[in-house]
Colleague: 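Provided herewith is a single structure, encoded as structure tokens, for subsequent inquiry.
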Amino acid sequence: MLWSKLFIPTLRETPAEADVVSHQLLLRAGYIRQLSTGIYSYLFLAQRSLLKIIGIVREEMDAIGAQEMLLPALNPAELWKESGRWEVMGDNMFRLKDRFHRDLCLGMTHEEVMTSIARGELRSYRQLPQIWYQIQTKFRDEPRPKSGLLRVRQFIMKDSYSFDVDPAGLDVSYDKHHRAYCRIFDRCGLDYMVVEAHSGAMGGSQSHEFMVVSDAGEDLVVRCANCGYAANLEKAVTAPAPPAAADPEGNLEPEEFHTPGRKTIAEVAAFTSLPESSQIKSLVMVADGKPALALLRGDHALSETKLQGVLGAAELRPAHPAEIGEWFGAEAGSLGPVGVMNMRILADRALDGRRNMICGANRDDYHLRNVTPGEDFRPEFHDLRQAAGGDSCVNCAAPVEALKTVEIGHIFKLGYKYSHSMGLNVLTEEGKEIPVIMGSYGIGIERILSAAMELFHDADGAALPVSIAPFEAVVTPVNKADATQWKVALDIYEACRSFGLDVLLDDRDERPGVKFKDADLIGIPYRVTVGKKAAGGKVEFLERRSSRVRDVDAGDAAAFVAESVRSSRHDR
RNA sequence: CGGGGCGUGGCUCAGCCUGGUUAGAGCGCCUGGUUCGGGACCAGGAGGUCGGUGGUUCAAAUCCACUCGCCCCGACCA
């Protein structure tokens with residue numbers, strides 16, 4: 001294509017509203033423009049790149065026998081009420097009414113629609129397994145869209161769904177997806193890791209996330225560099241550092257002491273001159289309307305995900321101050337488990353075996369010392385603690401690191417959640433009706449592009465992997481007015497086309513510096529520069545990512561580019 | 001939803017506190033010319049209801065109120 005005919009609105013300066021690199025580059029390089037908060041138009045370059053990503057996704061999904069469909073984004077409320085998610089999704093779901101005042105929503109994900117198709121058509125175990133997928137726009141009314149295309153309200157997702165007769169079948173479908181996802185992200189040229197994850201509102205038993213390490217990410221992942229253990233922070237199990245001070249010995253009785261104005265763990269630690277790890281942190285949570293007291297070591301954080309799992313609650317939130325006052329007769333900051341009879345008391349395992357600790361007295365401005373879990377109160381012990389960097393790996397005891405990551409894919413074993421709630425059953429060989437076991441699998445298409453830019457950029461702009469760059473190469477005549485240069489450039493451009501390359505000819509009447517800057521900014525992987533040396537039959541070949549330059553014969557340039565593109569496919 | 005910040009030509013910003021000629025700069029854009037290996041130079045030119053509404057005032061980009069939009073932090077989130 002001829003650059004002079006294209007709409008590639010690059011900006012010299014970084015737009016003020018962008019503060020993560022991928023967002024800045026997508027705007028500056030003319031890939032996208034914002035329409036509203038979390039809503040973006042994908043211009044020519046973005047669309048080319050996204051189509052390449054989609055092409056890779058499609059090939060690899062087809063390769064595992066998945067069948068592509070396209071489902072409606074506009075869904076009737078009834079379907080979502082059947083699964084219970086009309087309520088569960090809350091404000092995150094875009095809702096609207098039609099002219100007859102019927103409730104509709106815009107699809108956030110498609111378990112319901114897929115299940116509704118399956119239950120109408122799948123009747124026999126002989127029709128299973130099935131894997132169905134689509135590449136389609138999803139709508140989610142995020143509380144806080146941010147970071148360009150990383151967190152938006154409308155985005156393209158590849159979502160697939162597997163239907164199997166039994167758990168062993170689901171394992172096979174799950175594993176197929178796992179491997180297909182690895183191939184997809186490899187081909188997209190990304191550095192990523194696979195981590196154990198929590199299933200959240202999707203439901204189900206097991207799940208893995210595919211993560212790209214980036215400071216622009218919002219998910220925290222714990223990873224052990226030694227043995228390779230990796231898990232989302234909300235799910236990770238690690239061993240905490242031992243308490244900073246040994247517990248007092250002996251069978252001491254709880255004893256109230258005055259702590260005027262000391263509310264926080266840190267304040268009480270300073271006041272008592274004992275480390276935070278000598279305290280019991282008491283958090284009042286409300287699970288499906290019922291209160292529960294969660295206890296942790298003073299220096300530890302609660303994993304609401306884990307607590308929610310233990311309680312089996314659909315909804316979990318911190319208690320309001322008024323509720324705390326009613327249940328405890330004291331304010332948050334003076335709470336403790338001793339004498340609490342009106343709710344479940346759950347303690348993190350790090351408190352098991354500890355003795356003579358400090359906690360709130362359930363009386364404002366008073367705390368208790370010499371409180372021993374299991375004696376002075378009787379909690380249920382569970383793993384409730386949120387892992388943190390610096391903890392020890394439970395497999396190999398090496399210290400783990402916490403990393404910020406971008407989630408680009410997520411695979412779930414759904415189990416029977418939707419087949420039960422929506423009635424998806426088939427007949428077995430024996431003629432018995434059984435529910436179908438399902439899996440669900442997602443890839444965020446734009447996040448692949450954003451993550452690639454986060455991963456691969458320099459001061460001059462994006463340096464995208466060849467497989468997903470909008471163009472593979474650009475031919476740049478330094479001086480268009482020079483007849484020789486122009487002729488050589490044109491020949492190389494045509495030769496590239498004959499090799500089937502996605503090539504751009506920068507035929508703009510611009511100075512060379514402008515052309516170089518634009519090509520670098522956009523992130524075109526290879527550039528053939530046709531300059532003065534063209535008179536001697538030589539042109540310059542530049543690899544964007546490495547900045548490596550070499551002179552090649554003009555007649556060989558196209559073949560050289562083609563070979564570079566081909567070999568780049570095996571890079572990772 | 002809570003906290004903070006910002007809305008002035010396409011982009012980046014100044015002017016606002018302390019109201020007062022015709023609202024500015026750089027970049028970009030248009031015309032002509034000179035240039036041509038890392039965002040050229042000269043000359044001329046186009047382009048702005050200062051987010052919106054209402055108020056205060058002889059006078060509002062500037063002060064006040066409301067409102068809309070955007071960004072960041074938090075809450076939340078598959």
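In the text below, chain A, chain B and the rest are named by the order of the sequence lines, each starting its count at 1. Not measured: the values here are computed from a predicted model.
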Colleague: Hey, would you say the A/Tyr161 and A/Tyr133 ring centroids sit under 6.0 Å apart?
Modeller: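 Not close enough - the centres of the two rings lie 6.0 Å or further apart.
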
Colleague: Looking at residues at least two apart in the chain, or sitting in another chain, which of them share a salt bridge (charged side-chain N to carboxylate O under 4.0 Å, His left out) with A/Lys176?
Modeller: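 A/Lys176 satisfies salt bridge (charged side-chain N to carboxylate O under 4.0 Å, His left out) with no other residue.
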
Colleague: Work out how far the C1' atom of B/U53 is from that of B/C68, and round it to whole angstrom.
Modeller: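 So the two C1' atoms sit 10 Å from each other.
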
Colleague: Could you let me know what B/G9 is paired to, Watson-Crick or G-U wobble, both distances under 3.5 Å, or none if it's on its own?
Modeller: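 Pair assignment: B/G9 / none.
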
Colleague: I want to know whether A/Tyr526 and A/Phe541 have ring centres closer than 6.0 Å.
Modeller: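 Yes.
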
Colleague: Can you see if the side chain of A/Thr37 gets near the phosphate of B/C70 - specifically, an N or O under 4.0 Å from OP1 or OP2?
Modeller: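 Yes, because at least one side-chain N or O of A/Thr37 sits under 4.0 Å from OP1 or OP2 of B/C70.
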
Colleague: For A/Ser36 and B/C70, is the shortest distance between a side-chain N/O and OP1 or OP2 below 4.0 Å?
Modeller: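 Answer yes for this pair, as a side-chain N or O of A/Ser36 is under 4.0 Å from OP1 or OP2.
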
Colleague: Does B/U22 have a Watson-Crick or wobble mate here (both distances under 3.5 Å), and if so which one?
Modeller: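 B/U22 is unpaired by these criteria.
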
Colleague: Encode nucleotides 25-36 of chain B as B, S and - characters from 5' to 3', where the letter depends on protein heavy atoms closer than 4.0 Å: B to the base, S only to sugar-phosphate, - to neither.
Modeller: -BSS------BB

Colleague: With both distances under 3.5 Å as the test, what is the Watson-Crick or G-U wobble partner of B/A60?
Modeller: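 Check on B/A60: unpaired, no WC or wobble geometry under 3.5 Å.
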
Colleague: Under 3.5 Å between N/O atoms: give me all the protein pairs with nucleotides 44-47 of chain B, atom names plus distance.
Modeller:
none

Colleague: Both distances under 3.5 Å, Watson-Crick or G-U wobble: report the partner of B/G74, or none.
Modeller: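 B/G74 is paired, partner B/C1.
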
Colleague: Under 3.5 Å, which protein N or O atoms sit close to an N or O of nucleotides 2-7 of chain B? Give each pair with its distance.
Modeller:
none

Colleague: Applying the Watson-Crick and G-U wobble criteria at under 3.5 Å, what pairs with B/A40? Answer none if nothing qualifies.
Modeller: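 Answer to the pairing question: B/U34, which forms a Watson-Crick or G-U pair with B/A40.
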
Colleague: Looking at residues at least two apart in the chain, or sitting in another chain, which of them share a salt bridge (charged side-chain N to carboxylate O under 4.0 Å, His left out) with A/Glu17?
Modeller: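 With sequence neighbours excluded, A/Glu17 shows a salt bridge (charged side-chain N to carboxylate O under 4.0 Å, His left out) to no residue whatsoever.
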
Colleague: With sequence neighbours left out, write down each residue that passes side-chain contact (heavy atoms from CB on, under 4.5 Å) with A/Gln386, or none if nothing qualifies.
Modeller: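 side-chain contact (heavy atoms from CB on, under 4.5 Å) check on A/Gln386 returns A/Leu233, A/Ala301, A/Ser303.
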
